[in-house]
Amino acid sequence: MMKRLLAALAAAATIFTAGAATAQTFPDRPITMVVPFRAGGPTDTVGRLLSQAMSRNLGVQVQVQIVDGAGGTLGAQRVAEAAPDGYTILLYHVGMATTPTLYPNLGYDPLTDFAEIGLVTNVPMTLVGRQRLPVSTWEQLIAYMTNNIDRITMAHAGIGSASHLCAMLFSQLTGLDIVTVPFVGTAEAMLDLQADFVDFMCDQTTSTVAPIQSGSVIAYAVTSPVRLQQIPDVPTPAEVGLPGFQLDVWHGLWAPAGTPPEVVARLNEALRFALTDQQVLRTFALFATNPSPIEDQTPEALRAKVASEIELWRPLIEAAGEFVR
Ligand code: MLT
């Protein structure tokens with residue numbers, strides 16, 4: 001009996017020592033940042049900027065790995081199941097809070113299977129249409145949609161994506177039951193929008209500021225409470241008479257649950273460094289993308305955000321019924 005107890009204590013001490021050594025030497029090899037959406041989309045854009053800046057602080061490569069599918073949940077599950085050593089982290093967005101309601105058999109729990117690192121960005125969305133649509137104002141848009149409801153289509157990047165959530169919110173608020181078309185990513189959807197194969201899309205300003213500025217798509221509204229200086233002619237939800245059409249695509253950074261607190265703290269330090277990096281801030285500004293406020297760049301703030309947003313979106317998703325099938 002005593003021998004078994006001593007052996008167990010020795011094993012526990014070895015594991016603790018190894019863990020402590022890991023935390024003390026972290027990081028000593030490349031880190032994988034899982035981006036759960038297709039390359040070229042808004043999350044990938046944020047991920048590449050963030051990973052490069054975090055690499056400069058951590059002294060090791062932070063490499064983006066695309067693990068897309070099922071509205072970001074496949075990538076999230078990959079990280080939930082990864083070794084809790086800080087070498088696999090997840091960049092995800094509001095989908096972390098909507099998918100528990102959208103996917104009843106989610107393979108992970110957003111609040112127990114992850115160690116939060118901090119909030120990263122707040123990104124507005126825009127409702128855009130293909131350039132050759134015969135509508136340019138909001139009033140013309142609603143009339144056109146109403147009169148052509150059986151013919152028009154709205155693209156998104158899969159159930160659980162921000163583009164899908166935005167389309168669902170728009171449909172709920174207007175009562176327009178638009179046919180939605182899922183794409184593997186919003187970058188692919190944007191190409192079809194510009195080629196007139198799909199009529200509308202909600203997407204993040206990370207991806208839409210440039211085509212709006214170039215005139216290759218028509219912008220009908222932003223989902224932010226104030227107009228955006230990068231696209232100053234695009235009205236706010238209140239200005240078009242749909243004040244509830246507000247959606248902030250917040251992004252967060254997570255590690256697997258069980259990651260040592262010292263490792264999480266080091267990753268948080270690198271995140272906060274990245275969000276003061278001038279190259280990151282300049283590029284974010286081009287996309288009307290804002291770093292989360294400093295007080296939100298903490299594990300506690302991210303955890304509170306996920307918990308509150310799960311409750312915020314649940315009733316809308318449950319009321320959406322068929323829209324989410
Ligand atoms: C993306 O990165 O492709 C987007 O975040 C997808 C989405 O959430 O609409």
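In each ligand, atom 1 is the first atom listed, and ligand 1 is the first ligand listed.
- Salt bridge annotation for R303-E300: absent, with no cationic side-chain nitrogen under 4.0 angstrom from a carboxylate oxygen.
- Every residue was checked against the salt bridge (charged side-chain N to carboxylate O under 4.0 Å, His left out) condition with D296, not counting sequence neighbours, and none meets it.
- Under 3.5 Å, the side chains of D248 and N122 contain a donor-acceptor pair of N or O atoms.
- At least one heavy atom of P42 lies less than 4.0 angstrom from ligand 1.
- Between the side chains of W250 and E309, at least one donor N or O sits under 3.5 Å from an acceptor N or O.
- Residue H93 touches ligand 1 through its side chain alone, judged by heavy-atom distances below 4.0 Å.
- In terms of protein heavy-atom proximity, atom 5 (O) of ligand 1 is closest to T43 OG1, 2.9 Å.
- Under a 4.0 Å criterion applied to the non-hydrogen atoms of A157, ligand 1 contributes the atoms 6 (C), 9 (O).
- On a distance-only criterion, D44 and ligand 1 share no N/O pair closer than 3.5 Å.
- Among protein heavy atoms, the minimum distance from atom 9 (O) of ligand 1 is reached at S163 OG, 2.6 Å.
- For ligand 1, the atoms lying closer than 4.0 Å to a non-hydrogen atom of G41 are 2 (O), 3 (O).
- Remark: distances from the non-hydrogen atoms of Q204 to ligand 1 include one below 4.0 Å.
- Of all the listed residues (S207, A39, A162), A162 holds the heavy atom that lies closest to atom 7 (C) of ligand 1.
- Residue contact check for ligand 1: R38 places no non-hydrogen atom closer than 4.0 Å to it.
- Atom CZ of R78 is surrounded by 12 or fewer heavy atoms from other residues, nucleotides or ligands within 6.0 Å.
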